[in-house]
Amino acid sequence: MTKILSSVKCTDKGSAYAKFEWLFGKGLVTSNGQLWKDDRKLLGPSFKLQKLTGFLPYFNKHSKTLVEILTKFQHQATNVYPQLVRATMDFISESAFVQDSTYQINDEDNFLAATHMALTSFRLRLAKPWLAITPKIWDLFGLGKQDKICSQFVNQAMSEAIEKRKIALAQEQKSSSETGENHANQKAFIDVLLDSKSEKEIIGHIMTIFGAAFETTASAMNYTLFLLALNPSAQEKVHFELDSIFGGDKNRDVTLNDLSGMKYLEMCIKEALRVCPPVPVMVRKAQEDIPLDNGQIVPKGCRVVILIREILRDQEHYPDPEVFNPDRFLPDECAARHPFAYIPFAAGQRNCLACSHDWDDRADRVFCVLRTKRTPKKSCTQGSGGRSTYSKPGVLRSILVAKLICYYRPEKFLSGMKYALMQMKTCLAHILRRFHVSTSQKRDDISLINGMVMEPKPKLEIVLTPK
Ligand code: HEM
C-alpha cells in the first residue's frame, strides 16, 4: 500500500471517479495524468501553512454562528450534522473564495438548494449504479433533468461569485499598487484560478473543493462529538483542557496559540477519524507495472482499491481497534507508528489537499524522528517490506528545512496546523466550551454505510447541555 500510494506511476484513478464529473468537471479529485499534476502544483499552495492564520477569523466567526444556532436545540436529542454541514460550507466558502458567506443563516440560498440536489444525485449514483449506466436510463427516471437544474443553479451562483471576486481583486490590486505592498505569493484559491483557467474550469475546481471539503469535515466533527458523548472520561479531559486555555471564557475567539495547546482535543479528533473515517475507500490505477517489495507486481492498468477503514483497524498498529482511545495519538505512539498506517486523509502523491504538503509532511516526520531519537517503525502490514521509508539525503534536507523554519517561524510547527484540523479544532472548541454532549444511542446501534462520506445509520443524535 505504501508503494502504491507513494508511486508517481500510480497517481491516476481511472474511471472510478467519473460519476462526479457532471458537476466537478476535471477538478483535482477527478482528474488524472498531466492535468492533475499541473493543477496540484498550481492549487496546492492555496492551503499552505503560511495562509492558515488568515483563515482563523473566518473559522471563529462561523463557529460562533453555529453555537448560537445549536443553543436552540439544547436539552433535546438532536442530529447536529445538517448544522455542521452548513457551518463547514461557510468555512470553505470564505477561505477559498474570500467572500462573505451566510449558508448557516440564509435558508433561501439557491446554491444551498443546489448542493442538496447534487448530494442526492451522487448518493443515488452510488446506491443504484445501474441507473447511471447510460444517460438514457438516467433521463428516463427524470434524473438528468434534475441534474441540469442543479448545474444551472451552480453555474449562476458561481458566475456571480467569480464576477464579485474579479471586482474585489481589481480594487485590492489598485490599493496595493498605491501602497506598494505585494501579495503575489499569498493568493487565495479563487485568485489562482482566475489567473489561469476558463470560467467552466474554475466552476469545476470550485465545486470540487466544496465537494471535498464540507461533508468530510462536518462528518468528522459529527463523529467526534458522538464519540465524546459516549466516552465521558475523554470528554472531561477535553473540557479540562479547554477550561485551562480559556479560563471559563465561552466566547473569546480561538487564537493560534490556543490551538497549539489543544493537544488532547486533537488526539480525540484523530481517533474519531480512525474509528469513523469520513472517506472509507479510494482507488488508484497503475500507469506502469509497479514492483512490490515482496516480489509481486501490480500490472499496468490494474485498479487498486484501498480500504482506508480496514487499514485504520489494523490490529498490529491499533490493538483493540474498535475501542475509542485518543491516547493512541500521544506523540511517542505516533512516532513509533508507520506513517502510512494512519491514512484518513490518504497519503503519498494524492493525499488530501487540506491535510499536508510535501515539505511540512517531511518536516513533521523529521520532528518525530528527532524527538524520539529513532526511526519510525519499519514494518507495515500492507508491505513496506521492512525498508525504511526515508532516504538519507531526504532526511538531511528535511532536517535543514525544519531547523531553518523553526528558527525563523516557530509558529509553523504548531502541531496539526493543517487546514482541516485547524478548522475542526476551532469549531469544536467553540461548541465544547458551551456544551456538554451526551447520547442515549449505543455504538453497536450504529452501522456505517459507504456513501459520499461514510454515513451513520440511524443518524447520530446527541444532547447538548449548557455548561
Ligand atoms: C476531515 C476532513 C477531510 C478528510 C477526512 C479528507 C480525506 C481525503 C481523502 C481520503 C482524500 C483522497 C481521496 C481519493 O484519493 O480518492 C482526499 C483528497 C482531497 N481532499 Fe480531502 N479530506 C478532508 C477535508 C478536505 C478539505 C477541507 C479540503 C479542501 C480544502 C479537501 C480537499 C481535498 C482535495 C482537493 C483532494 C484531492 C487531492 C488530489 O487528488 O490531489 N479535503 N481527502
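Side chains are part of it too, since the values below use all heavy atoms of this structure and drop only hydrogens, waters and symmetry mates. Just so you know, ligand 1 is whichever comes first in the structure, and atom 1 is the first atom listed for that ligand.
- Taking every non-hydrogen atom of P344 and a distance limit under 4.0 Å, the qualifying atoms of ligand 1 come out as 5 (C), 7 (C), 10 (C).
- Taking distance alone, with nitrogen or oxygen atoms compared against 3.5 Å, N351 stays at or beyond that limit from ligand 1.
- Taking D320 as the reference, nothing meets the salt bridge (charged side-chain N to carboxylate O under 4.0 Å, His left out) condition, with sequence neighbours excluded.
- Taking a cut-off of under 4.0 Å to the non-hydrogen atoms of I92, the atoms of ligand 1 that pass are 30 (C).
- Considering backbone and side-chain atoms together, W36 places an N or O closer than 3.5 Å to an N or O of ligand 1.
- Residue R40 places at least one N or O, backbone or side chain, under 3.5 Å from an N or O of ligand 1.
- The 12-atom threshold is not exceeded at NZ of K164, counting heavy atoms of other residues, nucleotides or ligands nearer than 6.0 Å.
- Between Q235 and H239, the side chains place a donor N or O and an acceptor N or O closer than 3.5 Å (distance only, hydrogens not considered).
- For atom 21 (Fe) of ligand 1, the nearby protein N/O/S atoms, meaning those under 2.8 Å, are C352 SG.
- Side-chain atoms of E215 and Y81 form a donor-acceptor pair, as typed in the model, at a separation below 3.5 Å.
- Remark: distances from the non-hydrogen atoms of K13 to ligand 1 include one below 4.0 Å.
- Annotation for ligand 1: atoms under 4.0 Å from non-hydrogen atoms of V29 are 36 (C), 37 (C).
- Side-chain N/O atoms of T115 and Y103 include no donor and acceptor closer than 3.5 Å.
- For atom 40 (O) of ligand 1, the nearest non-hydrogen atom of the protein is R350 NE, 2.9 Å.
- Atom OG of S63 sits about 12.0 Å away from atom CZ of R434, to the nearest 0.5 Å.
- No hydrogens or angles considered: a donor-acceptor pair under 3.5 Å links the side chains of T255 and D258.
- Distances from ligand 1 to the non-hydrogen atoms of T88 include no value under 4.0 Å.
- In this structure, V283 does not count as a contact residue of ligand 1, since none of its heavy atoms falls inside 4.0 Å of the ligand.
- Tested against F210 for a ring-ring contact (aromatic ring centres under 6.0 Å, His included), the candidates F24, F91, F97 yield a single pass: F97.
- Close approach of ligand 1 to Y17 is summarised as follows: ligand atoms under 4.0 Å from at least one heavy atom of the residue are 14 (C), 15 (O), 16 (O).
- Figure legend: cation-pi geometry between R337 and Y342 absent, as NZ or CZ is not positioned both under 6.0 Å from the six-membered ring centre and within 45° of its axis.
- The distance criterion of under 3.5 Å between nitrogen or oxygen atoms is met by R284 with respect to ligand 1.
- Of the charged side-chain nitrogens involved, at least one lies within less than 4.0 Å of a carboxylate oxygen, so that D107 and R86 count as a salt-bridged pair.
- Between the CD1 atom of I308 and the CD1 atom of I306 there is a distance of 7.5 Å, given to the nearest 0.5 Å.
- Residue contacts with ligand 1 leave out Q423, since none of its heavy atoms falls under 4.0 Å from the ligand.
- Inspection of the Q423 and T88 side chains reveals no N or O donor paired with an N or O acceptor under 3.5 Å.
- Atoms of ligand 1 lying under 4.0 Å from any heavy atom of M424, numbered from 1 in the order shown and given with element: 1 (C).
- Here the straight-line distance linking atom CG of D38 with atom CG of L43 works out to 10.5 Å at 0.5 Å rounding.
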